2 protein chains.
Amino acid sequence: MNTPAAGANAAAETLSEEAVDALGRAHATATATPPHRHDALLSERAANIKQSAVRDVFEISMQPGLVSLAGGNPYLQSLPLERLGATAAAIIAEHGLEALQYGGGQGTLELRTQICEVMAAEGIPDADPENVVITAGSQSAQDVAAKVFCNPGDVILLEDPTYVGALNTFEAYEVDVQPVAGDGHGIIPSLLRERIAALQAAGKRIKLLYTIPNFNNPSGVMLAPERRQEIVDICREANILVVEDNPYGLLKFDGVLPAPLRAANPEDVLYLGSFSKIFAPGLRIGWALVPAHLKQRYYLASEAVTLCPPTFNQMLVSDYLRNYDWMGQISTYRKLYEERCTALLAALDEFMPDGVTWTRPEGGFFVWLTLPEGIDTYPLLYKGIDAGVVFVPGAAFSAAEGPSNKLRLAFSAVPPESLREGVRRLAPVLAEAIAAN
Amino acid sequence: MNTPAAGANAAAETLSEEAVDALGRAHATATATPPHRHDALLSERAANIKQSAVRDVFEISMQPGLVSLAGGNPYLQSLPLERLGATAAAIIAEHGLEALQYGGGQGTLELRTQICEVMAAEGIPDADPENVVITAGSQSAQDVAAKVFCNPGDVILLEDPTYVGALNTFEAYEVDVQPVAGDGHGIIPSLLRERIAALQAAGKRIKLLYTIPNFNNPSGVMLAPERRQEIVDICREANILVVEDNPYGLLKFDGVLPAPLRAANPEDVLYLGSFSKIFAPGLRIGWALVPAHLKQRYYLASEAVTLCPPTFNQMLVSDYLRNYDWMGQISTYRKLYEERCTALLAALDEFMPDGVTWTRPEGGFFVWLTLPEGIDTYPLLYKGIDAGVVFVPGAAFSAAEGPSNKLRLAFSAVPPESLREGVRRLAPVLAEAIAAN
C-alpha cells in the first residue's frame, strides 16, 4: 500500500474526486448543507462537531501509489495472526455463550485485573481493578471524561499541538479548549501556572488538563520527568483534574520509562490507556483508571454511552495477555518503530531544505515538522498528493483557528525505504513553498 | 443457570452481600459518596447520570439457583458456535491486517450495504448504505442522537414504560424526558397531539419522539399499524424528529411485520437497528439509518465518541450475513421465543392471583405485569429473591419518579419449564402483597 510508485503523478490521478472533495470539506469548519426545517432541532453542541482532517486524509492515504506519512496506524504485520485466529475460534467455540452475550458495564474482571498488570509495566504498580473502566478505545474514555466533568464553556487545558480526536471530542461538549505553551520537553510548569492564573482571572472555570506526556500525538515530544510532579502539584492547587492519555508509553524505543503522572498521584489523575498501539486498534478496547472517589460517576456515564464493552473483544485481549508473550511483542515493536523513526530522521536530514526543523522523538509514532512563519501547510497537502506523498497539515492538531506552518509525519506503518521515498517527494514541495514565502 | 433449585431459600442464600448491596444502591437515585474537592468539577449533567436497576439485577440474576426472569438476554445456544469460531479464525488469519486495524468512522461499506438488506427484511426497502452509521450497539446510537439534537431542558417524548437504557442515556444529556400515554396498542395519536400542544404551550422545546413500536421493552406492546402514519404526521407537523428503535422487529412470532414508521417517511424518522437480538449482543454492533440531510452531522458526532466501530466485529457480522442462513436463524428464534412466551403466559394464567394483569405480546422478549394500585413492586424484588425468582421492578422503566405497581418478566433466555417454576415462585409473593394492600 505504501510502496513508492514509479510515477507520482500517475498515483495522484488514482485519487477519486470524492476523496479530494472530502479533503476540501475537511478544511472547512462547517459543512455546507442546504437549510432544512430540522436545522431548528440541532443542539448547540452540534455546531461544534467538526470533520476531522486526519480521518479524511486517512481515506486518501489508502490510495495505491501514494506514500502515506499520514495515518498513525500501528504495524500489525508482526502479530501472530494464525495463532490469534485459533484463539478467537476457541473463545467462540468453547465460551461463545459468554463471549457473544451482554457483559458488565465496567468490563470483565479478568481483563480489568490484567490491565492493572499492563499499567504496572507502564509505571503504575498500585492500580485496583475496581477502579478500571473498560471503554470503546481510549477515544470513548475521553468522551466520558468530558461528559462527567464539563459544562458548556468550561475549560480543558491541553498541549498545543495535541491529539485531534480529543479536540473533536471535547469540542462536541462545547468545551473551551485552551492551549498551554510547551517546548521540546513538554508543558512548561511556570507557563502552566501563569495560564491558569490568567484564565481564572478572566472568570473561566478550568476543569481538566488533558495531556499526552509520552510521545505526544502529533509532536512526538516527551514531557521531561523532572517537570511531571510539579505539573500535577500545580493542577492540584488549582483543583484541576489531570487527564493523562498514555497510549504510547510502552513504545519508548530505549531506556527507562519515566513514571506516569498518575504513579504518585492516584487521587489527582484520571489515567487513560489503550490496546490500540500495543496490540490491535480494530478491537476498540481502551480503559480509564479512575480516582476511587470518581469511579462510580465515571462508570455510570460510560454505561450510559455504550451499555457494555464488547465481551468477545475483551476475552480475546485477555487471552492475548494471558497466553502470548505480549511484552516480547512490545520489544519487537520498540525496535521496529525505532528503526523507522531513525530512517525518517535520516531522510529528513538528507532531503529537507533549510528553514525546516523537526522533533527527534524517543518513542511513539510521529515526527513534527515546523516550516518558516507565514507558510500554511494546508494547501501544501494537495501539492504533496500531486508529488505522491500524504501528510497531515498542522492546523488539525491545534485548538487555535487559522493556518499552521506545521505538519505531522507518521512513521509507524511505513517501511524504512518508503519513508525515505516519501521524504524525497515531500522535500521539493516544501522547498518551493519556502522559496515563495 | 436458570435451572429451578430444590430449595428456593437455599438459593437466595447464595447471593453475595455485595450483590444485595448493589441492588440497594440501584434503588437510590443518587449514589452516596463522601464530599470531595473534586465535586466542584462535576458537570451538571453528571448529577443526572443514574445507576440502572436493570444492570444490577442482571448481576444478581447470575446467582445459581435463582430463576431469572430479569435479563433480556437473547438465547444464544442455538447459534452455530463451532462454525462461527472457524469464521472468526479465518477473518484474523486471512484478513487480520484489516480486521485488527482502525477503520472508517461510519463503518465498513460491506456491512452498511448488508444492513440495508436486513432493513429490507424489516420493511424498509429503500435504505442507502451512504446514510447508515454503524455504532457500538444501538445504545450508542441513542447517545449520539441526544448529542446531536438535545440541549439541556429540551424534551424527548417517549412511551411510558420505555427502555431504561434510553432513559439513562437521555437523562445524561439533561433532557426533559416526557411520557406519552398509550394503551395495549401503543401510543394513542390523539393523546400525542394533546401532549405536544400542552408542552409547547408551556414553552417547552420538543426535539424527538423516541419510540420502540415493535414489542416495546418492557411492555411487549406493538404499536398498531393503523396508528403509525398518523404518529409520524403529528410529529412532522410539530417539527419533531421520530427516533424509531426497532431491535425486536424481526422477532414477531407470526404473521406479517407491520411497516416501520421509517418506511414511508425517510425524511422524518431516524431509525435504529441492532444485531444484539438477532445475532450477538457481545459484539456491540448496532446502526442508525439517518435522514440524508442529517447524516453528516450524525456521523461526525458518532466519530467524536468512538472514532470507529470495531473492524473485526463488523467483518464477523458481515461474514455471518453473507455465508450463514441468518433468516433461517431468525425463524428458529421466532419459534423458540414464541414457545417461551406461550409457556410464560400459560404459567401466569395458572398461578397468578386475582388483581394481576399482563400483556400478551406478539413478539420480542418481555411480558409486563400490572398489580393493583398502591403496591410498590420494588420491595417485592427482595421477597422474590427470597423465594428464588428475580424480575425487574417497573419503576426503572418510567420517566416518572416514585413507586410503580408494574414489573417486567423476560422470557427470552429461560427454558419453558423454568419459566413455569419462576412464575410458581413469584405468585405467592404477589398474592401476599395484594392481600396486604
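Numbered from 1 within each chain, the chains take letters A, B, ... in sequence-line order. Quick caveat, the model's predicted, so the values are computed rather than measured.
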Asks: Measure the spacing between CG of A:Asp154 and CD of B:Glu44 and express it to the nearest 0.5 Å.
Replies: 8.5 Å

Asks: Is A:Glu267 in contact with chain B via its backbone, its side chain, both, or neither, using a 4.5 Å heavy-atom distance?
Replies: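 It is both, since atoms from each part get that close.
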
Asks: Evaluate the side-chain contact (heavy atoms from CB on, under 4.5 Å) criterion for residues A:Leu81 and B:Leu97: first the C-alpha distance (whole Å), next the side-chain angles of each, then the deciding distance (0.1 Å), finally the verdict.
Replies: CA-CA 8 Å; A:Leu81 295 178; B:Leu97 299 184; 3.9 Å; yes

Asks: Kindly compute the distance separating CZ (A:Arg37) from CG (B:Asn239), expressed to the nearest 0.5 Å.
Replies: 5.5 Å

Asks: Closer than 3.5 angstrom, by distance alone: can the side chain of B:Arg284 be matched with the main-chain N or O of A:Thr311 as a donor-acceptor pair?
Replies: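 Not confirmed, B:Arg284 side chain does not pair with A:Thr311 backbone.
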
Asks: Which bit of B:Ile285 is near chain A, if near means a heavy-atom gap under 4.5 Å: side chain, backbone, both or neither?
Replies: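 The answer is neither part of B:Ile285.
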
Asks: Look at B:Thr135, B:Val144, B:Ile92 and state which one has the largest set of heavy-atom pairs under 4.5 Å with chain A.
Replies: B:Ile92

Asks: For a 4.5 angstrom cut-off between non-hydrogen side-chain atoms, does A:Asn151 reach B:Ser43?
Replies: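 Sidechains of B:Ser43 and A:Asn151: in contact.
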
Asks: Which one wins on heavy-atom pair count under 4.5 Å against chain A: B:Lys147, B:Glu82, B:Gln77?
Replies: B:Lys147

Asks: With a 4.5 angstrom heavy-atom cut-off, is it the side chain or the backbone of B:Ala40 that approaches chain A, or both, or neither?
Replies: both

Asks: Counting heavy-atom pairs closer than 4.5 Å to chain A, which one of B:Ala136, B:Gly137, B:Ala172, B:Cys150 comes out on top?
Replies: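 When all of B:Ala136, B:Gly137, B:Ala172, B:Cys150 are compared, B:Cys150 has the most.
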
Asks: Could you check whether the rings of A:Phe312 and B:Phe312 sit parallel, tilted or perpendicular, using 30° and 60° as the cut-offs?
Replies: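 Taking B:Phe312 first and then A:Phe312, their aromatic rings sit tilted (interplane angle of 30° to 60°).
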
Asks: If you take all heavy atoms of A:Ala89 and B:Ala86, which pair is closest and at what distance?
Replies: CB-N, 4.3 Å

Asks: Between A:Ala99 and chain B, with a heavy-atom cut-off of 4.5 Å, which part of the residue counts as in contact: side chain, backbone, both or neither?
Replies: backbone

Asks: For the pair B:Glu303 and A:Asn168, evaluate side-chain contact (heavy atoms from CB on, under 4.5 Å) and give the outcome as yes or no after the intermediate values.
Replies: CA-CA 9 Å; B:Glu303 195 173 76; A:Asn168 286 349; 5.5 Å; no

Asks: Measure across A:Pro152 and B:Arg45 and return the closest heavy-atom pair with its distance rounded to 0.1 Å.
Replies: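 What the structure gives for the nearest pair is CD-NH2, 4.5 Å.
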
Asks: When heavy-atom pairs shorter than 4.5 Å are enumerated against chain A, which of B:Tyr75, B:Phe170, B:Tyr173 gives the highest number?
Replies: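 Top option by heavy-atom pairs under 4.5 Å: B:Tyr173.
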
Asks: To the nearest 0.5 Å, what is the distance between OH on A:Tyr102 and CG on B:Leu76?
Replies: 10.0 Å

Asks: Hey, what do you get for OG1 (B:Thr169) to CG (A:Leu307), rounding to the nearest 0.5 Å?
Replies: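 If I round to the nearest 0.5 Å, the distance is 8.0 Å.
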
Asks: Give the member of B:Val305, B:Thr306, B:Asn313, B:Thr87 that has the highest number of heavy-atom pairs under 4.5 Å with chain A.
Replies: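 Counting heavy-atom pairs under 4.5 Å, the top option is B:Val305.
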
Asks: Side chain, backbone, both or neither: which part of A:Asp268 has a heavy atom under 4.5 Å from chain B?
Replies: both

Asks: Using a cut-off of under 4.5 Å for heavy-atom pairs, which of A:Ala304, A:Pro281, A:Pro310 has the most such pairs with chain B?
Replies: A:Pro281

Asks: So for A:Leu316, is it side chain, backbone, both, or neither that comes closer than 4.5 Å to the heavy atoms of chain B?
Replies: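 Just its side chain gets close to chain B.
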
Asks: Residues in ring pair (Phe, Tyr, Trp, His ring centres under 6.0 Å) with B:Tyr320, at least two apart?
Replies: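 Residues passing ring pair (Phe, Tyr, Trp, His ring centres under 6.0 Å) with B:Tyr320: B:Phe279, B:Tyr324.
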
Asks: Side chain, backbone, both or neither: which part of B:Leu294 has a non-hydrogen atom closer than 4.5 Å to chain A?
Replies: side chain

Asks: At a heavy-atom distance under 4.5 Å, which candidate from A:Pro74, A:Pro291, A:Ala166 has the highest pair count against chain B?
Replies: A:Pro74

Asks: What is the minimum heavy-atom distance between B:Ile206 and A:Leu41, and which atoms define it?
Replies: O-CD2, 4.2 Å

Asks: To the nearest 0.5 Å, what is the distance between CG (A:Leu241) and CG (B:Leu42)?
Replies: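 The CG atom of B:Leu42 is 10.0 Å from CG of A:Leu241, to the nearest 0.5 Å.
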
Asks: For A:Pro309, is it the side chain, the backbone, both or neither that has a heavy atom under 4.5 Å from a heavy atom of chain B?
Replies: backbone

Asks: Below 4.5 Å from any heavy atom of chain B, which atoms of A:Leu167 appear? Answer side chain, backbone, both or neither.
Replies: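 Contact with chain B is absent: no heavy atom of A:Leu167 under 4.5 Å.
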
Asks: Rounded to the nearest 0.5 Å, how far apart are CG of B:Leu84 and CD1 of A:Ile91?
Replies: 13.5 Å

Asks: What option among B:Arg236, B:Arg205, B:Glu94 has the most heavy-atom pairs under 4.5 Å with chain A?
Replies: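 The option with the most such pairs is B:Arg236.
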
Asks: Identify which part of A:Ala141 has an atom lying under 4.5 Å from any heavy atom of chain B, answering side chain, backbone, both or neither.
Replies: neither

